Amino acid sequence: MTLLDDFLIRAALAGIGVALAAAPLGCFVVWRRMAYFGDATAHASILGVALALSFDVSVFAGVLATALAMATTVSALAGRGYAMDTLLGVLAHSSLAFGLVAVSFLQGVRIDLMAYLFGDILAVGRADLAVIWGGAALVLGLLWWRWSALLTATLNPDLAHAAGIDPRREQMVLTIALALVVAVAIKVVGVLLIAAMLLIPAAAARPFAATPERMAAIAALLGMLAAVGGLQLAFTLDTPAGPSIVCLAAALFAASSLAGLLLQHRRG
């Protein structure tokens, strides 16, 4: 018997893999105020699940393709007559609704919709682990490769232009990374909670980070703590695993916010 034969070990490794990919990327989501962007991309993935099952292809491939399509559509339509929050709200909710309707038309296919909406981390298999860690490695590699350019384009687009960096290209890099995270995270925390794993660890890391790199590292640590601790909570209290992970992440955010306020009070 190997370690990977234990479903809790597989679940913990899956949660750690998703946290490693989602938390550093979430820092850019926080810095760029792209919370709705991540939400819209995640919501579109249900349509990807329906399309993948309809055409008998990998769910990962279907979700990745749909998430990429949603993200590129939003990037293309941004600033063309609609406020960004309005555009994202329309696309997020309509894509989720179309996905749910499409799932209802599937004949002869058994689908656990709750697992896709809220995740089913305890059912993660060896093949899922390979996909999750492969996707996480791609996301981290992409961020490491483009870190300086992404950071410059995020902090000051004019400076990026002056340095020969195209902000729209860097936006596309973030779009691809976001689609990858959504595709690997759907099995762990589900469509409705993916945005939480992107945002909450990054937001919790903010009060303790003097540099962008430190914020990304702290966010990754907090994300991993939330994943492993949330699994332990779910096992102890007999609660759903995906929501338990997000609940612990929210508790960490509340604690970090309180600690940040105390630090500010002492300095003041």
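Note that the coordinates shown come from a computational prediction; the quantities given were computed from them, not determined experimentally.
To the nearest 0.5 Å, atoms CD1 (I245) and CG (L193) are separated by 9.0 Å. Atoms CZ and CG, from R32 and L155 in turn, are 9.0 Å apart once rounded to the nearest 0.5 Å. Distance check: L180 CG to L138 CG gives 6.0 Å after rounding to the nearest 0.5 Å. Interatomic distance, CZ of F7 versus CD1 of I121, reported as 11.5 Å (0.5 Å rounding). L68 contributes atom CG, which lies 9.0 Å from atom OG1 of T41 (distance to the nearest 0.5 angstrom). Separation of atoms CG (L199) and CG (L25) is listed at 10.0 Å; rounding is to 0.5 Å.
Residue L96 is not grouped with residue F98 when hydrophobic side chains (ILVMFWY) are merged at heavy-atom distances under 4.5 angstrom, including chains of intermediate members. Tracing side-chain contacts under 4.5 Å through hydrophobic residues (I, L, V, M, F, W, Y), one never reaches L222 starting from L233; they form parts of separate clusters. Criterion: ILVMFWY side-chain heavy atoms under 4.5 Å apart, direct or through other members. Under it, V101 and L47 are not part of a common hydrophobic cluster. L261 and L252 are not part of a single hydrophobic cluster, where members link through side-chain heavy atoms under 4.5 Å apart. Linking ILVMFWY residues whenever their side-chain heavy atoms come closer than 4.5 Å, directly or via other members, places V139 and V184 in the same cluster.
Taking every heavy atom of both residues into account, A50 and G99 meet most closely at CB-O, 4.0 Å. Residue A204 comes nearest to P207 through the heavy atom pair O-CD, 3.3 Å, listed as atom of the first residue, atom of the second, then distance. Minimum interatomic distance between M70 and A40 (heavy atoms only, all atoms of both residues): CG-O, 3.7 Å. Residues R169 and I165 approach most closely at NH2-CA, 4.1 Å, considering heavy atoms. Across all non-hydrogen atoms, the minimal contact from S94 to V90 is OG-O, 2.6 Å. For the residue pair V63 and S45, the shortest heavy atom distance occurs at CG1-CB, 3.5 Å.
Counting heavy atoms of neighbouring residues, nucleotides and ligands inside a 6.0 Å radius, atom CZ of F208 exceeds 12 of them.
One N or O on the side chain of W133 and one on the backbone of L13 form a donor-acceptor pair closer than 3.5 Å. Within the 3.5 Å criterion, the main-chain N or O of A92 finds a donor-acceptor partner in the side chain of S95.
W147 has its side chain within reach of P212: a pair of non-hydrogen atoms, C-beta onward, lies under 4.5 Å apart. The shortest side-chain heavy-atom distance between V173 and W145 does not fall under the 4.5 Å cut-off. The shortest distance between side-chain heavy atoms of M172 and T175 falls below 4.5 Å.
Residues satisfying the salt bridge (Lys or Arg N to Asp or Glu O under 4.0 Å) criterion with R146, sequence neighbours excluded, are E170.
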message: side chain to side chain contact (heavy atoms under 4.5 Å, CB included), that's the test. Do I194 and V18 meet it? Break it down for me.
response: CA-CA 10 Å; I194 289 171; V18 168; over 6 Å; no
field: CA sep, side-chain torsions, deciding dist, call: L151, E213, side chain to side chain contact (heavy atoms under 4.5 Å, CB included)
entry: CA-CA 10 Å; L151 204 54; E213 291 79 10; 4.1 Å; yes
field: From CA spacing to verdict: side chain to side chain contact (heavy atoms under 4.5 Å, CB included), R206, W31
entry: CA-CA 10 Å; R206 201 167 194 170; W31 294 329; 4.2 Å; yes
- prompt: Is there a side chain to side chain contact (heavy atoms under 4.5 Å, CB included) between K187 and F60 once you walk through the steps?
  reply: CA-CA 9 Å; K187 184 83 172 181; F60 173 80; over 6 Å; no
